[in-house]
**Q** 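Dropping a structure here in structure tokens format, bear with me for questions.
Predicted, not measured: the structure shown is a model, and the values here were computed from it. One-based numbering along the sequence shown.
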Amino acid sequence: MNRDVEKILVTEDELVQISKKLGEQITKDYKGKKLLIVGVLKGSIYFFTDLSRHIDLPCNIDFIQASSYGASTVSSGEIKIIKDISEDLTGFDVLLVEDILDTGKTLKHIHDMLSKRNPESIAIVTLLDKPARREADIYADYVGVDVPNEFVVGYGLDYDQFYRNLPYIGVLKKEVYTK
């Protein structure tokens with residue numbers, strides 16, 4: 001375990017099982033549909049990769065990148081789209097893949113923006129759901145696991161762009177981000 005991590009919440013083996021279970025359910029739910037999987041960068045990259053390998057359907061992929069945190073542990077509330085998707089959404093059933101649904105502000109912004117582009121549907125899959133912090137009226141259609149109101153890192157989630165490469169989800173020690 002990394003010395004800056006207080007405890008592990010979701011192990012590497014549990015992450016594999018979550019991706020497999022969700023991928024199998026999405027495969028059933030989207031059979032016969034024109035699926036576009038959209039990863040929300042940068043945090044979803046590991047989950048997106050593992051999940052998409054468990055979706056046994058022909059599908060397109062794309063990415064969107066938004067930011068509201070910067071080097072903070074708290075969202076600024078100002079959402080900037082850094083990279084937009086390149087696909088025309090007309091006729092696609094869109095599945096947004098997110099690392100963590102926290103306040104929901106960024107995901108709500110992305111969802112509302114993409115809804116105006118004529119998709120057949122938009123659904124959300126999140127690896128982690130932190131309902132205790134929800135501020136926006138948005139919920140995931142598929143959830144890997146609920147997490148407590150603690151600052152988590154690993155498997156794509158970061159603090160100031162570090163810790164993304166940890167192979168598990170862990171709680172970051174407070175002294176790391178309260179210096």
**Q** Within a strict 4.5 Å, meaning less than it, do heavy atoms of the Thr126 and Asp99 side chains meet?
**A**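 In short, these two side chains do not touch, never coming nearer than 4.5 Å.
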
**Q** Are Asp102 and Arg134 within salt-bridge range, i.e. N to O under 4.0 Å?
**A**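 Salt bridge between Asp102 and Arg134, a charged N being under 4.0 Å from a carboxylate O: no.
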
**Q** Apply side-chain contact (heavy atoms from CB on, under 4.5 Å) to Leu157 and Ile100, showing your working.
**A** CA-CA 8 Å; Leu157 290 99; Ile100 186 167; 3.6 Å; yes

**Q** Quick one: salt bridge (charged side-chain N to carboxylate O under 4.0 Å, His left out) partners of Lys42, sequence neighbours excluded?
**A**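 By the salt bridge (charged side-chain N to carboxylate O under 4.0 Å, His left out) rule, Lys42 matches no residue at all.
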
**Q** Quick one: pull up CG in Asp93 and NZ in Lys33 and give me the separation to the nearest 0.5 Å.
**A**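 The distance works out to 5.0 Å.
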
**Q** Please answer: with hydrophobic residues joined when any side-chain heavy atoms are less than 4.5 Å apart, are Val125 and Ile61 in the same cluster?
**A**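 Yes, Val125 and Ile61 fall within the same hydrophobic cluster.
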
**Q** How many angstroms lie between CG in Asp56 and NZ in Lys31, if you round to the nearest 0.5 Å?
**A**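 These two atoms lie 9.5 Å from each other.
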
**Q** If you define the side chain from C-beta out and look only at heavy atoms, does anything of Val147 sit under 4.5 Å from Asp129?
**A**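 With C-beta onward as the side chain, the pair stays apart.
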
**Q** If I compare all heavy atoms of Leu41 with all of Ile45, which pair ends up nearest, and what's the gap?
**A**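 Taking every non-hydrogen atom into account, CD2-CD1, 4.3 Å.
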
**Q** Decide yes or no on side-chain contact (heavy atoms from CB on, under 4.5 Å) for Val171 and Val153, but give the supporting numbers first.
**A** CA-CA 6 Å; Val171 175; Val153 294; over 6 Å; no

**Q** How far does OG1 of Thr27 sit from CG of Asp29, to the nearest 0.5 angstrom?
**A**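 If we round to the nearest 0.5 Å, Thr27:OG1 and Asp29:CG are 9.0 Å apart.
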
**Q** For Leu107, what are the other residues in its hydrophobic cluster, where any two members join if their side-chain heavy atoms are less than 4.5 angstrom apart?
**A**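 So far as hydrophobic clustering goes, Leu107 is joined with Leu36, Val38, Val40, Ile64, Ile81, Ile85, Leu89, Phe92, Val94, Leu96, Leu101, Ile110, Met113, Leu114, Ile122, Ile124, Ile138.
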
**Q** Who are the ring-ring contact (aromatic ring centres under 6.0 Å, His included) partners of Tyr168, not counting sequence neighbours?
**A**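 Expected list: none.
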
**Q** Give, for atom CZ of Phe48 and atom CG of Leu95, the distance between the pair rounded to the nearest 0.5 Å.
**A**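 Phe48 CZ to Leu95 CG: 9.0 Å, rounded to 0.5 Å.
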
**Q** Going hydrophobic residue to hydrophobic residue with side-chain gaps under 4.5 angstrom, can you get from Ile169 over to Leu166?
**A**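 Not linked; separate clusters.
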
**Q** Tell me, do Tyr159 and Leu172 make a side-chain contact under 4.5 Å, heavy atoms counted?
**A**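 Of all side-chain heavy-atom pairs linking Leu172 with Tyr159, at least one is under 4.5 Å.
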
**Q** Please indicate whether Asp112 has more than 12 foreign heavy atoms, meaning atoms of other residues, nucleotides or ligands, lying under 6.0 Å from its CG.
**A**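 Counting other residues, nucleotides and ligands, CG of Asp112 exceeds 12 neighbours.
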
**Q** Can you list the residues that meet the side chain to side chain contact (heavy atoms under 4.5 Å, CB included) rule with Thr90, with sequence neighbours excluded?
**A**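 Thr90: side chain to side chain contact (heavy atoms under 4.5 Å, CB included) contacts with Asp88, Asn118.
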
**Q** Might you point out which heavy atoms bring Ile82 and Ser67 nearest each other, and give the distance in Å?
**A**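 Smallest heavy-atom distance, with atoms named: CD1-CB, 3.5 Å.
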
**Q** Among residues two or more places apart or on two chains, list those pairs meeting salt bridge (Lys or Arg N to Asp or Glu O under 4.0 Å) that have a residue in residues 137-157.
**A**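 Qualifying pairs: Lys7-Glu150.
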
**Q** Output, in order, the C-alpha distance, side-chain angles, deciding distance and verdict of side-chain contact (heavy atoms from CB on, under 4.5 Å) for Ile55 and Leu35.
**A** CA-CA 10 Å; Ile55 297 174; Leu35 180 60; 4.1 Å; yes

**Q** Near Phe162 CZ, under 6.0 Å, is it more than 12 heavy atoms from other residues, nucleotides or ligands?
**A**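 No, because the 6.0 Å sphere around CZ of Phe162 holds 12 heavy atoms or fewer from other groups.
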
**Q** Please, which pairs that meet side-chain hydrogen bond (donor to acceptor under 3.5 Å, both in side chains) have at least one residue in residues 44-55, sequence neighbours excluded?
**A**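 Every pair satisfying side-chain hydrogen bond (donor to acceptor under 3.5 Å, both in side chains) with a residue in residues 44-55: Asp50-Arg53, Asp50-Tyr155.
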
**Q** With under 30° as parallel and over 60° as perpendicular, where do the rings of Tyr30 and Tyr142 fit, or are they tilted in between?
**A**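 Correct class here is tilted.
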
**Q** Share the residues that join Val143 in a hydrophobic cluster, the rule being Ile, Leu, Val, Met, Phe, Trp or Tyr side chains under 4.5 Å apart at the heavy-atom level.
**A**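 When side chains under 4.5 Å apart are linked, Val143 ends up in no cluster with other residues.
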
**Q** Report the C-alpha distance between Ile37 and Asn60 in whole Å, list the side-chain angles of each, state the deciding distance to 0.1 Å, and finish with yes or no for side-chain contact (heavy atoms from CB on, under 4.5 Å).
**A** CA-CA 6 Å; Ile37 307 170; Asn60 289 21; over 6 Å; no

**Q** Measuring from atom CG of Leu128 to atom NZ of Lys130, what distance do you get when rounded to the nearest 0.5 angstrom?
**A**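 Output value for this atom pair is 8.5 Å.
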
**Q** For Phe47, which residues count as a ring-ring contact (aromatic ring centres under 6.0 Å, His included) partner, sequence neighbours excluded?
**A**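 Phe47: no ring-ring contact (aromatic ring centres under 6.0 Å, His included) contacts found.
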
**Q** Which pairs with one or both residues in residues 113-125 pass salt bridge (Lys or Arg N to Asp or Glu O under 4.0 Å), sequence neighbours excluded?
**A**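 Sorted pair list: Asp84-Arg117.
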
**Q** With clusters defined by side-chain heavy atoms of hydrophobic residues (ILVMFWY) lying less than 4.5 Å apart, directly or transitively, does Val176 cluster with Met1?
**A**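 Yes, one cluster joins them.
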
**Q** Check Lys108 against Ala136 and note the closest heavy-atom contact, atom names and distance.
**A**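 For Lys108 and Ala136, the tightest heavy-atom pair comes out as CB-CB, 4.0 Å.
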
**Q** Is there a salt bridge (charged side-chain N to carboxylate O under 4.0 Å, His left out) between Asp4 and Lys173? Walk through the geometry before answering.
**A** CA-CA 6 Å; Asp4 294 336; Lys173 292 178 181 175; 6.0 Å; no

**Q** Between Leu51 and Val97, is there a side-chain heavy-atom distance shorter than 4.5 Å?
**A**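 Val97 vs Leu51: side chains touch.
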
**Q** Determine all donor-acceptor pairs shorter than 3.5 Å in which one atom belongs to a side chain in residues 12-20; sequence neighbours excluded.
**A**
{"residue": "Glu14", "atom": "OE1", "partner": "Thr11", "partner atom": "N", "Å": "2.8"}
{"residue": "Glu14", "atom": "OE1", "partner": "Thr11", "partner atom": "OG1", "Å": "3.3"}
{"residue": "Ser19", "atom": "OG", "partner": "Leu15", "partner atom": "O", "Å": "3.3"}

**Q** Using the salt bridge (charged side-chain N to carboxylate O under 4.0 Å, His left out) criterion, which residues pair with Lys34? Sequence neighbours excluded.
**A**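 So Lys34 forms no salt bridge (charged side-chain N to carboxylate O under 4.0 Å, His left out) with any residue.
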
**Q** Just jot down the side chain to side chain donor-acceptor pair (under 3.5 Å) partners of Ser86, sequence neighbours excluded, or say none.
**A**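 Per chain and number, Ser86 pairs via side chain to side chain donor-acceptor pair (under 3.5 Å) with Asp62.
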
**Q** Would you confirm whether Arg164, through its side chain, and Gly154, through its main-chain N or O, come within 3.5 Å as a donor-acceptor pair?
**A**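 Checked: no pair found.
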
**Q** Counting only heavy atoms from other residues, nucleotides and ligands, does the tally under 6.0 Å from NZ of Lys83 exceed 12?
**A**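 Yes, the 6.0 Å shell around NZ holds more than 12 heavy atoms from other groups.
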
